[in-house]
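What you are looking at is a predicted structure, and each value in this text was computed from that prediction instead of being measured.
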Amino acid sequence: MGSEGFSLFSNAFSVLKASYASNHTEISDLVEDAEFDEHHSQEIIQRSQQALLSPIARLDQELSWLPELSDAQVNETVSLLKEGRVAELRKAIAFLPDSPKANVLAHLCGTNFADETLLQDLLRAWDDVDQISLLQFLNTRRQAAGFPRVERNQLAASINVLKSTHARSAALSVWRQDEPGKVMESLVEAEVEKDRASRIFAEFVREYDILSEPYLARISEAIDQQIELARQPSYQLEAVTSEIAELLQQWDDVNQPVQVFEQHQGHEEGRSKQIYEKLRSLCLELANERGEFRHAKRLSEALLHTFPELESVAEVLKGDVEALENLDEQRKQFSVLEPLVAACEAAKSQVPKLKSALQRSGFAPASRGAVKEIFAAFDNAAKAPGTGDAAFLVVRDLALFVNNDRDDPETAFRLIDGLITYPGAKPSQDLSSKLDEERSVLYRNWKMPELNRQSGSLGGMAKIVDEMLKYAKGNDRTELEQLKSRIERKQAGKKVKWLIYGGIAAVIGFFVISDELDRPTSQTSYQPTSTYHPSKPLQTTTNPSSNTTAETMPPVGQGLTLNRSQVRYCVFQGERLEAMRSITTTNYQISRFNGLIDDYNSRCSSYRYTSGVLSSVRREAQGKTTEFIADARRIVASW
């Protein structure tokens, strides 16, 4: 039967028109009749004779014919089969014993009348095959024909052979369907939902899998070819990923039922696992070595769609898709921000021109000169979807550089003020509050020297104080209002004791360098924290981080190369100073705080470091906010 499946017409009983009770003599006569009729070749007739006369071979023929039926039932069944009256036949066999019913259904699998319902009937027929009744029938007929009895173990072995033959015939029938994968998947899903699967179901799936192997091998070979193309730098990845996604769909159309069955059995389908491993390796290569996050994400999504039944990798694929989506968004965001970053970097080398342009037209749509390019790039980035605070943070970085490194609070103020008054998109509430606070400090730093220069002129002081009150906040505002009141009383000619306004005179010359700044060896680069988190590439293993948290105070100097513990001091001390800034209220505390700022800037305002050190230390600092605040309170309390 082999590749041809199961056929009742090739059975020895059908070829010789014998019955279960036919003895040796009758079989010999039937052989002569068959030779005379010439319906079959001499070879088939002789083989049929040998099969019926050999007790062991005869058992296979007995089981694969129409056991437990009367001669009349056999004749009716054979007649309906030969005449192709399938509808009548299926009604006629509905109440037959399950063994002959299964044989008729397996035979019909080889015809054009086979459909999903017939296949389901075949699977159900095997559920209730009664081996005891079958054994009794065979031995009764064998006794009448003069053949040895059948033992139970012989019957069981022969039934297993018949199951495999029926499973093969059913699988061949599925492959003759227009969409074999869909038919098989429907059958598999129906079976796995049952409390007890059909006796031939596992064999049925295995035979289907064997038949699908050449088809899947061609798909696997095509995928390998596409992987090789994807590794060629000049090849179009769009075309490759589209082709691989299509090949995976073709694979799934055929192999999905096998995957579902294996999952139900607690296994993972081996060939699918191999395809997954090859393609995920390509995804890692595209993402980590070539930065092709969008194409790697598309492949990962196709893998997840194709192989959700591979439970050991489904979560990995979900993580891959999420990580690649983040990386792709960051890449898109950076491409939008790149012109702005470049313009801001260029401006750092020409601060005088930047200052002059800001004084003339501010940081606004009408900006001219050195500011025009920066504002245009900022406006474009701020309007782009998904950038969030990033554009604001890039310009804020420039402002911090101008204030910290060039000691120019006026220019820094004009940049920050332009961000706050920008008529387009608005930054997040947290960043907006930070910008507002920084604008206040920058304006104070800018105007304090003017206030000091006007110390001999009440009118001049009053004018500067009024200007400073526009942006002043908190204690600064309170003290400025007190100073204004004293000036007004002095101007009114009232005799009052003049007090030096120490709280305003104690100018904070530099900001603490914020954690949005990153200083590589050659230039200041931008790494905003609100929307653009540097993400790790896809990894197969995770490297442990260092447990060392020692801080070493670096020496006084600019442009020195610091080691990890010295960089850690600069980052951690910066966090402490930032926390202290909001809790220093008295003149004495502000004076002491300014001293710490001066010392900090003399050591940490400009330094070099080994690649990766600063970002690593920043990650350490992220979990220590509570400790920094506690340190800050302890230091201020000690004054």
Side-chain angles (χ1 to χ4, degrees), residues 351-352 354-364 399-400 402-421 433-512 577 580-601 636 639:
V351 173
L354 178 66
K355 181 173 186 174
S356 176
L358 285 168
Q359 287 174 336
R360 290 197 307 271
S361 56
F363 189 72
L400 291 171
V402 169
N403 184 74
N404 294 354
D405 292 55
R406 296 296 182 264
D407 193 17
D408 187 350
E410 176 189 350
T411 301
F413 165 81
R414 293 184 188 279
L415 286 170
I416 297 295
D417 185 59
L419 292 178
I420 294 173
T421 58
S433 298
K434 182 177 289 188
L435 291 173
D436 195 46
E437 181 181 350
E438 290 171 349
R439 179 175 66 171
S440 173
V441 175
L442 284 168
Y443 196 75
R444 182 186 67 186
N445 290 355
W446 171 22
K447 291 297 179 179
M448 274 307 303
E450 295 183 20
L451 180 62
N452 290 335
R453 287 194 296 270
Q454 296 292 332
S455 60
S457 168
L458 293 176
M461 290 183 68
K463 180 183 177 182
I464 299 299
V465 169
D466 283 339
E467 292 175 356
M468 294 176 71
L469 280 170
K470 181 179 179 181
Y471 300 107
K473 298 181 179 299
N475 291 332
D476 284 354
R477 185 172 192 84
T478 301
E479 292 176 353
L480 281 170
E481 288 172 345
Q482 291 174 354
L483 178 59
K484 180 179 179 180
S485 177
R486 293 189 181 99
I487 292 172
E488 289 173 346
R489 290 166 63 188
K490 184 77 172 180
Q491 288 175 323
K494 296 181 180 179
K495 294 181 179 180
V496 296
K497 185 178 180 181
W498 185 258
L499 298 177
I500 297 176
Y501 189 52
I504 297 298
V507 179
I508 300 176
F510 297 92
F511 284 135
V512 176
L577 290 170
M580 291 166 61
R581 186 154 64 91
S582 62
I583 59 176
T584 52
T585 56
T586 68
N587 291 345
Y588 176 71
Q589 288 175 339
I590 292 174
S591 177
R592 292 293 298 270
F593 177 63
N594 284 341
L596 290 179
I597 290 291
D598 290 340
D599 180 74
Y600 177 83
N601 285 327
V636 173
W639 292 338

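Between the CG atom of N445 and the CG atom of D408 there is a distance of 11.0 Å, given to the nearest 0.5 Å. Interatomic distance, K434 NZ to I416 CD1, rounded to the nearest 0.5 Å: 11.0 Å. Considering CG of L458 and CZ of R489, their distance stands at 13.0 Å, rounded to 0.5 Å. To the nearest 0.5 Å, the span separating CD on E437 from CG on L442 amounts to 10.5 Å. Taking OG1 from T411 and CZ from R406, the interatomic distance works out to 11.5 Å, rounded to the nearest 0.5 Å. To the nearest 0.5 Å, atom CG of residue N594 and atom CD of residue Q589 are 12.0 Å apart.
Side-chain contact of Y588 with R592: a donor-acceptor pair under 3.5 Å is present, judged by distance alone. Side chains of S356 and R360: a donor on one and an acceptor on the other come within 3.5 Å.
Across every non-hydrogen atom of I590 and T584, the tightest pair is CG1-O, 4.1 Å. The shortest non-hydrogen separation linking A412 to V402 is N-CG1, 4.0 Å.
The side-chain heavy atoms of L577 and M580, taken from C-beta on, include a pair separated by under 4.5 Å. When side chains are defined from C-beta on, E438 counts as touching L435, because their heavy atoms get closer than 4.5 Å. L358 places a side-chain heavy atom less than 4.5 Å from the side chain of F363.
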| task | Might you work through the side chain to side chain contact (heavy atoms under 4.5 Å, CB included) test for L415 and L419, ending with a clear yes or no? | result | CA-CA 6 Å; L415 286 170; L419 292 178; 5.9 Å; no

| request: Give the C-alpha distance, both sets of side-chain angles, the deciding distance and a yes or no for side chain to side chain contact (heavy atoms under 4.5 Å, CB included) between R581 and F593. | output: CA-CA 8 Å; R581 186 154 64 91; F593 177 63; 3.8 Å; yes

Validation: residues 466-473 side-chain donor-acceptor distances under 3.5 Å, sequence neighbours left out:
| residue | atom | partner | partner atom | Å |
| --- | --- | --- | --- | --- |
| D466 | OD1 | K484 | NZ | 3.0 |
| E467 | OE1 | K447 | NZ | 3.3 |
| K473 | NZ | D436 | OD2 | 2.6 |

